[in-house]
Protein chains: 2
Amino acid sequence: MVLDDRKFMILKAIIDDYIITAMPVGSRTISRKSGVGFSPATIRNEMSDLEELGYLAQPHTSAGRVPSDKAYRLYVDSLLRSDEISTQEKQRIEDYISRRSGQVEDIIRAAADMLADVTQYTSVVVAPRIQTLRIRRVQLVPVSEGTALMIVVTSAGIMKDALISVPADISSDNLYALSEMLTRELEGHTLEEVRQIFARVFRDMSMNRRLLGGVMKVMEEKLTEDAPEDVVIGGTTKLLNYPEYSDIDKAKNFLTIFESKERLAGMLKKNGGMEISIRIGSENEMEALQNCSLVTATYRVGKHGSGTLGIIGPTRMNYRRVVTMMEYMGQVISKMLSGE
Amino acid sequence: MVLDDRKFMILKAIIDDYIITAMPVGSRTISRKSGVGFSPATIRNEMSDLEELGYLAQPHTSAGRVPSDKAYRLYVDSLLRSDEISTQEKQRIEDYISRRSGQVEDIIRAAADMLADVTQYTSVVVAPRIQTLRIRRVQLVPVSEGTALMIVVTSAGIMKDALISVPADISSDNLYALSEMLTRELEGHTLEEVRQIFARVFRDMSMNRRLLGGVMKVMEEKLTEDAPEDVVIGGTTKLLNYPEYSDIDKAKNFLTIFESKERLAGMLKKNGGMEISIRIGSENEMEALQNCSLVTATYRVGKHGSGTLGIIGPTRMNYRRVVTMMEYMGQVISKMLSGE
DNA sequence: CGTTAGCACTCTCGCTTGTTGAGTGCTAAT
DNA sequence: ATTAGCACTCAACAAGCGAGAGTGCTAACG
């Protein structure tokens with residue numbers, strides 16, 4: 001079933017209006033709009049059809065119509081064109097983010113804040129995943145009797161660190177020599193390859209077996225799994241400004257989403273590497289997101305790294321602006337993280 | 001003006017009741033309580049007196065009475081005894097926290113979550129400040145052409161890291177030698193002393209002047225200032241469960257507190273190293289906290305380090321339980337962080 | 001003289017009722 | 001096919017009312 005032009009136009013007008021006002025839209029409102037040359041009665045007939053087709057819903061008889069998820073889906077699929085961003089705004093964004101130190105977390109944090117600020121919705125940024133990145137350097141630094149800090153530097157300059165236990169009597173020089181050796185062996189390899197190297201090369205090094213086992217274990221943990229710190233949320237309370245969350249229960253329900261960063265990261269990563277993915281209302285699996293839309297985008301870091309950024313807002317969000325901003329922000333993050 | 005025993009007892013009864021119900025307390029309610037042998041009329045007279053003295057307030061004529069900030073102040077000053085914690089609960093807390101890796105952030109995070117969980121209020125934990133701590137180790141690790149990661153390990157095992165720029169042609173071995181040298185010179189000294197050492201010892205090392213200047217600068221920044229990551233918040237949305245925040249505006253207002261971790265840390269640190277400090281309602285400077293109470297405690301790390309933990313809840317919070325829990329949690333954190 | 005019973009008074013809360021206004025659906029005229 | 005007209009529906013708001021909780025005051029009591 002395909003909609004004729006007029007139905008299409010009316011539906012678009014309704015969505016445009018509802019996105020701004022968050023109030024059910026009546027036939028008069030649409031009729032008054034410039035560019036629509038029909039009386040309320042005609043609009044009503046069309047609206048009635050659209051309702052039957054599942055694009056509109058009525059909160060109650062004698063209220064206006066409200067777009068359904070299906071309508072938003074049609075809207076984003078067929079009507080979404082990228083917006084322009086003023087050079088002024090671009091400047092502001094780049095300034096804000098590039099003022100940071102080169103630390104990945106700082107940049108991620110800044111990006112999340114900025115994204116929340118320009119869209120006025122809640123933003124989520126996941127730090128670049130590291131699986132396919134290659135190791136550039138491994139270093140062990142003594143911290144105290146029996147513990148050392150292990151630092152892994154990867155291509156793209158992303159670092160991970162973790163405490164591991166080492167023999168109590170090992171010297172600083174010894175650790176350094178070990179670090180150099182590890183770096184020499186592992187440099188340029190991916191985690192997959194590292195596993196094999198460990199199995200092959202280090203099998204006979206009985207002396208440091210336990211230590212190296214620890215190193216491998218930490219690598220697996222840190223480089224495979226997304227640590228909770230790698231998810232950054234910006235503008236958590238932004239959504240409380242929208243009337244759909246003026247009910248305290250809905251607000252509470254919504255805020256629980258952010259209690260588990262792991263689940264959040266899981267959600268975001270479901271976009272399967274798509275440039276931009278939009279999930280509207282019931283298209284979300286998570287219970288608490290049934291009344292929200294989730295827009296996610298992927299950004300690249302270097303050749304093999306990639307991360308995700310997302311915006312969570314009401315289903316009636318301003319998709320055009322959000323998508324535009326996400327695209328741009330993705331570029332900026334890529335540039336910042338790869339360029340370093 | 002000192003209250004006689006009966007007034008005192010009645011006031012306590014009112015507060016106890018209000019803490020649980022959050023509803024204005026009437027004279028009948030108090031009269032019915034076991035241990036009070038007076039009729040509602042008598043209670044009313046006393047209540048009237050207490051109101052005149054500023055301990056009670058009436059939301060409106062013919063509602064019950066509500067304790068004022070002054071009443072809570074009296075309550076915590078004179079009636080607060082520590083509670084007992086069941087060994088079972090102690091066990092649960094220690095298990096949860098000690099299951100973490102030794103990383104400071106992890107422990108802080110776990111402590112904040114646990115504190116929010118056992119009190120059902122919002123918790124804030126500030127990582128130990130490092131000023132008076134002594135440096136144990138400095139290490140530079142190459143990250144990419146022209147940048148290195150600088151890691152400072154202090155007594156108590158607290159680490160700080162930062163990226164600094166280094167000459168592009170410096171070798172890994174060279175950086176290691178430099179690290180060893182720095183460690184040798186700075187080990188066991190406080191930041192104050194480090195400044196002097198830099199001025200004295202390294203003055204003539206013209207070659208690495210720029211590099212060392214960078215090292216010093218980062219040290220100052222990282223070790224002096226509290227980085228925003230050092231403040232961890234647990235159970236942000238816990239307070240939304242209480243009726244005093246069922247109004248969305250109040251909730252929003254309250255949630256803005258957590259937007260700036262710096263300001264939050266500033267607030268917490270105002271307890272001046274006191275074991276336990278309680279600020280009730282209007283005793284707080286921050287506008288958004290006028291209807292809340294803030295309970296803070298200091299914990300020690302090693303000999304010279306200290307950090308703060310805090311609970312934010314409604315003025316009618318269960319001070320007894322909160323204080324008890326804070327005391328215990330402070331001990332646990334101390335043990336975890338110092339013991340490593 | 002402290003304590004208490006009794007009573008009039010006040011104010012919130014929840015319920016019902018009426019009114020208004022926005023918006024619809026249908027029908028008949030254009 | 002479009003539109004004007006009209007009857008109808010329903011949420012939202014305001015007004016009015018009774019019930020209930022709680023107070024303050026006064027007078028009686030031990």
Side-chain angles (χ1 to χ4, degrees), chain A residues 3-11 13-18 20-68 71 243-244 246-248, chain B residues 3-11 13-18 20-68 71 243-244 246-248:
Chain A
L3 299 178
D4 63 52
D5 278 0
R6 198 172 68 184
K7 284 195 175 48
F8 209 87
M9 191 258 274
I10 291 173
L11 184 57
I14 293 173
I15 295 177
D16 282 338
D17 192 84
Y18 187 70
I20 298 169
T21 64
M23 305 281 273
V25 186
S27 53
R28 257 188 70 116
T29 318
I30 298 302
S31 168
R32 265 200 306 259
K33 274 204 176 177
S34 69
V36 186
F38 302 100
S39 79
T42 313
I43 309 285
R44 277 205 289 282
N45 287 328
E46 296 289 33
M47 279 172 142
S48 183
D49 291 354
L50 284 167
E51 181 165 4
E52 203 154 326
L53 292 167
Y55 290 104
L56 293 178
Q58 262 181 311
H60 55 85
T61 348
S62 95
R65 303 300 212 290
V66 165
S68 68
E244 26 270 273
S246 58
D247 174 21
I248 194 82
Chain B
L3 300 177
D4 62 51
D5 278 0
R6 197 170 70 184
K7 284 195 176 45
F8 210 88
M9 193 258 274
I10 290 174
L11 184 56
I14 292 173
I15 295 177
D16 283 339
D17 191 84
Y18 188 70
I20 298 169
T21 64
M23 303 282 273
V25 186
S27 54
R28 260 188 66 116
T29 318
I30 298 302
S31 167
R32 264 200 306 259
K33 274 203 175 176
S34 68
V36 186
F38 301 101
S39 80
T42 312
I43 308 286
R44 276 205 292 281
N45 288 328
E46 296 288 34
M47 277 171 142
S48 185
D49 291 353
L50 284 168
E51 181 166 4
E52 202 154 328
L53 292 167
Y55 291 104
L56 292 177
Q58 263 183 312
H60 56 85
T61 349
S62 95
R65 302 298 213 291
V66 165
S68 69
E244 27 271 272
S246 58
D247 174 20
I248 194 81

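Chain A is the first sequence line, chain B the second, and so forth, proteins listed ahead of strands; every chain is numbered from 1.
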Phosphate contact ([N] OP1 or OP2) by [X] side-chain N/O below 4.0 Å:
X: Ser62(B); N: dA21(D); result: no
X: Thr61(B); N: dC11(C); result: yes
X: Ser48(B); N: dT23(D); result: no
X: Thr42(A); N: dT3(D); result: yes
X: Arg28(A); N: dG21(C); result: no
X: Arg65(B); N: dG24(D); result: yes

Rounded to whole angstroms, how far apart are [atom1] on [X] and [atom2] on [N]?
X: Arg44(A); N: dC26(C); atom1: CZ; atom2: C1'; value: 10 Å
X: Asp4(B); N: dG2(C); atom1: CG; atom2: P; value: 11 Å
X: Lys7(A); N: dA1(D); atom1: NZ; atom2: P; value: 12 Å
X: Ile14(B); N: dT23(D); atom1: CD1; atom2: P; value: 9 Å
X: His60(B); N: dG20(D); atom1: NE2; atom2: P; value: 17 Å
X: Asp49(B); N: dT3(C); atom1: CG; atom2: P; value: 12 Å
X: Met47(A); N: dC26(C); atom1: CE; atom2: P; value: 15 Å
X: Met23(A); N: dA12(D); atom1: CE; atom2: P; value: 9 Å

- Which atom pair, heavy atoms only, marks the closest approach of Ser48(A) to Arg65(A)?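 That closest heavy-atom pairing would be CA-NH2, 3.7 Å.
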- Message: Is the terminal nitrogen or CZ of Arg6(B) (NZ for Lys, CZ for Arg) located under 6.0 angstrom from the six-membered ring centre of Phe38(B) and within 45° of that ring's axis?
- Response: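 Flagged: Arg6(B) positioned over aromatic ring of Phe38(B).
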- Task: Check whether more than 12 heavy atoms from other residues, nucleotides or ligands sit under 6.0 Å from atom CG of Asp4(B), and answer yes or no.
- Result: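 It does: Asp4(B) CG has more than 12 such atoms within range.
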- Message: Using the side-chain heavy atoms of Phe38(A), tell me which of these nucleotides is nearest: dT3(D), dC10(D), dT3(C).
- Response: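 Given the options dT3(D), dC10(D), dT3(C), the side chain of Phe38(A) is closest to dT3(D).
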- Out of dT2(D), dT23(D), dT24(C), which has the shortest distance to the side chain of Gln58(A)?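 My answer, after comparing the listed nucleotides, is dT24(C).
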- Message: Between Gln58(B) and Val66(B), is the side-chain contact (heavy atoms from CB on, under 4.5 Å) condition met? List the steps.
- Response: CA-CA 6 Å; Gln58(B) 263 183 312; Val66(B) 165; over 6 Å; no
- Message: Return the NZ to CG distance between Lys7(A) and Asp49(A), rounded to the nearest 0.5 Å.
- Response: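 These two atoms lie 4.0 Å from each other.
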